[in-house]
Structures are given as structure tokens and as C-alpha cells.
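Worksheet: the structure to be examined is printed underneath.
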Amino acid sequence: MKLVTCGLPYANGKAHIGHLRTYVPADVYVRYLRMLGEDVVFVCGSDCHGTPIVVNAEQQGLTPKQLVDIYHEHFKKIFAELDIEFDYYGRTDAEYHHHRTKEIVKRLIEKGYVYPKDIDLAYCPKCERFLPDRYVEGICPYCGATARGDECDQGCGRHLEPGEIKEPKCKICGSKAEFRSQKHYFFKLTEFKDFLEDYLSKLRGTENALNYAKNWVKNLRDWCITRNLEWGVSFPGEENLVVYVWVDAPIGYISFTEKACENKGCDWKEIWIHGSCEIIHFIGLDIVYHHCIFWPAMLKGADYALPSAVVASGMVKVEGKTFSKSRGYVVWVEDDYLKAGLSPDYLRYYIVNYTSHQKDLNFSWEVFRDKVNNEIIATLGNFLYRVLLFAWKNFGEVKMDDVDGEILQKISEAKEKIENAIEEWEFKVTSDAFMELATFGNVYFQNAKPWELIKTDKEVAGRVVASCLQLAKALIIFAYPVMPRSMAKMAEAVGLDIKACKLEDAVKVDEVVSLKKPQVPFEKIEDEKLDELQEIMEKRFRGEEVGEVGDTKEEITIEDFQRLDIRIGKIVSAEKVKGSKKLIKLIIDIGDEHRQIVSGIAEDYKPEELEGKLVVVLANLKPAKFMGVESRGMILAAEKDGKAILLTLEKDVEPGTRVC
RNA sequence: GCCGAGGUAGCCUAGCUGGUUGGGGCGCCUGACUCAUAAUCAGGAGGUCGGGGGUUCGAAUCCCCCCCUCGGCACCA
């Protein structure tokens, strides 16, 4: 038996193509395994806890539960429509999940892997509560940028442990927070260093994940696993604390397995306690750390079975650009894809067939159109349809007693190729294998010319048709895991019970095949449709569509604005900061003084071309140091495609002139 | 700068434990065919395998140096 899981989608936003990059190949993998006769449990569920959900719910006037309900149902629906069929799709706010999480945390406590420690945490006196993670905003202790409680999201990107943030402010009421000492609990991750090093040397999976993890393990810190929240799994023995979301989320793999096993009538302990099954995690590259470091350490600490493989999918690009919701480089599964009336099979094939699972996948509507029209339709669809229609029209019932040995040989080869590729998580190779077989079919049909033979020698034509039918049957079986919906339809036309089929059935020859009138298997994507799809994208790139990610900032008063000392400065000198790639040290005449400002524009501007330029300067920004060089203020720039474009003046003015 | 992943014809890509003329696919050109969703089939043009050096009888493949792209971090105030 094998357990296959997918990283849990966070129930705080809609499904996009980045999600599918993990879920579709996992589903394809499971379907192939089952066709190879493997007994597979396949689980996933919504990740429902954590502060982003609580904060987001509060902002929308909902309870966390209400918000989670919306997105949980959304993901369930998306998976159903894309034929991603989990044995169980759960949610982490469910009772059974809380139960399993508490049990594991208790066990870690009992075994001495958890210790309490007093830490100073941001506390809002007005709201009378501690401010976990995203409830607090302040200054990053490492780089000085504005940061959230758990992550320096606008600056250096570091993960911040509770209590690290400087100058905290309450995100809810905006008042200044203070630090108060409170007892929290830490997991002794550092004790697992040797174990993890050994474990990672044996762990299977895609190289992209393993290489990262091996690098991380060198530098471990104990891990704060409690938070001041009401929403979440309450921490055993501490009513006011919940466990950190990254503790309970992966435990979902276990609790959902329990539910799946209940339904299937198997024993979850076989998988998670006795370790007699393979456990395979499909994840995105962004959560390698959690799956290769935290998770195995927790499992080991609590005496659970360990995952045998971590399969990480590569990143997704949209029209060649790095995936970004705020910049518009995103494809929403429901709004952009399903509502356009496109078959889920097209997208499944695209994701699987574009490139190797661990490489970057570029999504482009034009490539999508080409792959659908040229590969799915012209090669595979055309072969199936021309054979089935020809056979139905001319025979209706085909005796299969003389199938060409060469055909059977080709089918066996394709089958072997698929089996090997599945073993290595190379899903592109599997889909290439059946496409090549379809091409071979077209050549065979073309060379044998049954449409001529039928006029002269119906018996010989019958043999050609039998061989092609066998090939069609094999194709339907081989392509089914990737394109289940269309292949199920085709299977019906040849009287194949596809759900019960195994890969090896592709080489079994029936005595007779009786045919129904075949349907055209796929619908072509016309130019007008492509234009429509591209237009939506382009509008979004140009920023004409209002982002739904809430990227407009809150309203401020004129007084707020007047607190800013913005003025015109003239760049007196500019030089690159030694040893840096992006930083330029500028001396700027701002009227009453010459200011030193460090700016990260070295990749877009050369120092020579800056000297003498008039720029807009924010003069009363708190000083900060970069690479040891002090910067007092910042120069204003627009950002386009990640490049900085400096704001300059329409007419020359004196340095020091105010901006108002 | 460090770490990771890459750089193969206009575009995407296989090969990368060294060995006959570097495979595919898209697009392009020519022809054939008409059973099939103007689908299919045959043929063709198109390559300094990022650059340089080295090891070897032999290198896209191994070693060294350099360049470029992407992602992460150091530093984008």
C-alpha cells in the first residue's frame, strides 16, 4: 500500500494554476499507480488555521470559520471539476484533526522535546491582547524594514520568531504595542540535527527539494510552536495558546488518512505507526523546509512513521513572467479557466506535458492553444476518431483475431516506458509515450490505406482496422490518468470498462469489439477564443483590473501626508557600494545639506548617469545601514517589471524645494 | 558575493555514469493523400551543444576559469 498526499491549500484565497502544478501530477501519479495494481490512499485537505485567516476574516466581518467554509468549498469544487479525486479531502479545523494534533503534541511534551520559555511579545494594551504573527506590524530587527510579526515581508524576507519584531504596532487598532513577557513553548529542533542529516541522505524524491533541505539542516534553531490565538488547535495544558499552524497543518496528512481509511476499510496505523507503507508527499518548492525539516523531526519525536519521498514541483510562470498575484501574472482556475468553458483535460495535459515535474512550467495561452490543437486533437484525438468512425461505419463489429504483432510490440514498449517514468516522477515522459504511440498509429493507418482496401478486399481492411482498434484501446488506457474525462467517453465507444482497467489490459486482445457511434473527442480552440483569453491576461498585466488581493492601501489624512518631508534633491555624486550588487551610495544636495542615501538601483542605473540628476527624496525617513553604509532617506522611484524608474522633474527647480 | 537550478536550431525540449552522422516537437518550405476536427503522411531547410582552456584516441557529456538567465539570501529605505 502507498499513501500519497498533496500540500494543503490555505483556505484564505482562490485556487490558481500554481496550486494545480502540484495537485494535477499527484492525481495523475495516483491514477497510474492504481492502473499498475497498487493499493493507494490519496489524501489532502484545507489548511484552516493561522493568523492570516483570522486577520482576513476580521477585516471582512466574518468569523474565521465562515471564511474557511467559503474557501474550503471552493477548493473542493475546483478539485472535483478538475477530476482530482482524493480519497478524503478534509479540513484542519475539524474535531478529528484537533484530536490527532493534540495527541502528537502531548507525546512530544512527554518525551521531553518541548520546553517552556518566557519571551517578550508584542501586547496591545488597548485591545488587551497579545499580538501573534500578522496581528502586529513593526520594524524588522535585521534590516529595518516595515515587517509583519512572523515575516519581514517587505524587506529581507526573513522568518521572524515571536518577539523579535521592533517597534510593534497593533494591526487591528493601530495603537502602539508594548512588550510583555509570556510563557511560550519551543520544540527542540536542534536535537534532531544528526537524525535529519541521516534521514535526508536516505529520503527519496526530486532533487530540487532534497538539495535545498540538505543546505538548511546545517543551521537549525529551536522552534516556537505556540501562538496567542483563539482560532486553532489549543495547546495541551495552556488554554490561552494554540499550536502554530505549521505544527498542525502537516498532521492533516495523518488525520485525513484516518478518515480515508475509515471509508476504505483499511488501517491507518499500518501507514503512520508501523511504517509498512510508502508515504509520498507532493508539495510545492516553497514548503520544502517544512516538509524536509520540521515535519520529519516531529514525526520522529512522536514515534510516527517517516515519509519515504518528497516530490516537489517546479515554479509556475505566466506568459514567461514569474508568477505574481499582485502584478497580474496569475491564472485563476475558476474565473480564467473553467468559466471559459475549457475542458479540464486540456489543462491537466498541459501541466503534465509541458516539462519535467521539477522544472519551471511556463503557462501561456498561445502554447496552450498549440498543445491542445496540435497534440491532443490533431495527433491523439484524430487517430482515435478516424479509427473508431471508420470501424463503426464499415464494420460495426470487429473481429480481433488477427492483430498485427508489430502493434502489440509498440504497445508493450509504450507501457514499459510509462511504468519506468512513473517510478521516477517524470510525468512528461509518460504523456510523451502515449503521444508517440498515437503518432505511430496515424502513420500505420496512413500507410495501410484501409479506406482503399475496403473497396477491394474487406477482409484485409478488417485486419488493419482490428490492429488500429487495439492501438486505440491502448491509447485510451494509457491516456486515461492524464485525461480521465475524455478518455472515459472514448472508452464507452469501444465498450471498455475504463475504471476497472489496468495498464496490462492494453496488450490483451478481445475476441470481438462492437462499436457505438463515436463522438468527436475534443473541441478545438479557435483563434477568437485565444484572443479572448489573452485579452483578459493583458488587461490584468496593464493593471486595468482592480486587484482582488487588497493591494490598495488604507486611507490617510492630509496630516498624515504632511508628516513626510519630501523634497527635490540633486545628485552630487554616485558610486557603487563595494561588494554589493544592487546598492549605490548617493550624495544628494537637498538644499540645506548634502545627504548620503543608499539606494538599490545599481542594476538599473549606472553611477555616471545619475550624477547631476534631480530626484525626489524622502528626507525624514529613519536612517538605516546597508552593507555597513549609512543611508538617511530614500529616493522615490516607480517600479515596472521589477525595474526601478526614478521620479524626476518636469522643469528644473532648486535643490531643497518642497513637494506638496 | 553566497547557495540552488539552468544556458542545446526562431521557440520548447531529449541526451549529460564520455564512443557510430546531437534525437523529438512547434513554427517554416515542398510534395502526397482524402478515412479523419483544413486533420494526416513523406521529404527539406535550420545547430560554433553559452565562451575559453584542459583531460582523452575520442567531450554536449568529465575537470578548471569566465559570461549570461531564473529563484533564494546577503543589500534593494
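The figures here come from the full heavy-atom set of this structure, side chains too, leaving out hydrogens, waters and symmetry mates. Order of the sequence lines fixes the chain letters, A, B, ..., with proteins taken first and strands second; residue numbering starts at 1 for each chain. The structure displayed is predicted, hence computed values, not measured ones.
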Residue A:Lys582, side-chain atoms from C-beta onward, closest of B:A39, B:C76, B:C41 = B:C76

Sequence neighbours excluded, the answer for salt bridge (charged side-chain N to carboxylate O under 4.0 Å, His left out) partners of A:Lys193 is A:Glu197

Counting N and O atoms only, with roles assigned by atom type, does the side chain of A:His291 sit under 3.5 Å from a partner on the main chain of A:Ile287, one being a donor and the other an acceptor?
-> yes

Donor on one side chain, acceptor on other, A:Asn353 and A:Ser431, under 3.5 Å = yes

Residues which pass salt bridge (charged side-chain N to carboxylate O under 4.0 Å, His left out) with A:Lys455, listed by chain and number, not counting sequence neighbours = none

For A:Arg567, the salt bridge (charged side-chain N to carboxylate O under 4.0 Å, His left out) test, sequence neighbours excluded, returns A:Asp565, A:Asp592

How does protein contact run along nucleotides 22-33 of chain B, one letter per nucleotide 5' to 3', with B for base contact, S for sugar-phosphate only, - for none, heavy atoms under 4.0 Å?
-> ----SS-----S

Expressed as a whole number of Å, how far does the P atom of B:A60 sit from that of B:U8?
-> 15 Å

When you measure from every atom of RNA chain B, which of residues 421-432 of chain A have a heavy atom less than 4.0 Å away?
-> none

Distance, P atom - from B:U69 to B:G31, rounded to whole angstrom | 44 Å

Which listed nucleotide (B:C12, B:A42, B:U40) is nearest to the side chain of A:Arg386?
-> B:U40

Qualifying salt bridge (charged side-chain N to carboxylate O under 4.0 Å, His left out) pairs, either residue in residues 344-359 of chain A, two or more places apart | A:Asp27-A:Arg348

At a cut-off of 3.5 Å, list every protein nitrogen or oxygen paired with a nitrogen or oxygen from nucleotides 4-10 of chain B, distance to 0.1 Å.
from: B:A5; atom 1: OP1; to: A:Asn211; atom 2: ND2; distance (Å): 3.1

With heavy atoms under 4.0 Å as the rule, sort A:Gly633 into base, sugar-phosphate or nothing.
-> sugar-phosphate

Residue pairs meeting salt bridge (charged side-chain N to carboxylate O under 4.0 Å, His left out), one or both in residues 374-384 of chain A, sequence neighbours left out, come to A:Lys371-A:Glu375

Roughly how far apart, to the nearest Å, are B:C62 and B:C26 at atom C1'?
-> 33 Å

Check ion pair A:Glu419-A:Lys415 (N to O, under 4.0 angstrom) | yes

Give me the one residue out of A:Asp589, A:Leu586, A:Leu610 that meets side-chain contact (heavy atoms from CB on, under 4.5 Å) with A:Val572.
-> A:Asp589

Which is true for A:Leu389 with a 4.0 Å heavy-atom rule: it touches a base, it touches only sugar-phosphate, or it touches nothing?
-> sugar-phosphate

Quantified in whole Å, what is the P atom distance between nucleotide B:G53 and nucleotide B:A32?
-> 49 Å

Could you tell me which residues satisfy salt bridge (charged side-chain N to carboxylate O under 4.0 Å, His left out) with A:Arg632, sequence neighbours excluded, listed by chain and number?
-> A:Glu593

Inter- and intrachain pairs under side chain to side chain donor-acceptor pair (under 3.5 Å), touching residues 513-529 of chain A, at least two apart = A:Arg369-A:Asp527

Go through the structure and list residues passing side chain to side chain contact (heavy atoms under 4.5 Å, CB included) with A:Val520, not counting sequence neighbours.
-> A:Tyr385

Give a yes/no answer on whether the side chain of A:Lys393 brings an N or O atom under 4.0 Å of OP1 or OP2 in B:A36.
-> yes

Quick one, which residues of residues 517-533 of chain A touch RNA chain B with a heavy atom under 4.0 Å?
-> A:Val520, A:Pro521, A:Phe522, A:Lys524

Have a look at A:Val598 and say if it touches a base, only the backbone sugar-phosphate, or nothing, with a 4.0 Å heavy-atom cut-off.
-> sugar-phosphate

Pick base, sugar-phosphate or nothing for A:Ser599, based on heavy-atom distances below 4.0 Å to the nucleic acid.
-> sugar-phosphate

Which whole number of Å gives the distance between the P atom of B:C70 and that of B:C12?
-> 14 Å

Distance, P atom - from B:G27 to B:C64, rounded to whole angstrom | 41 Å

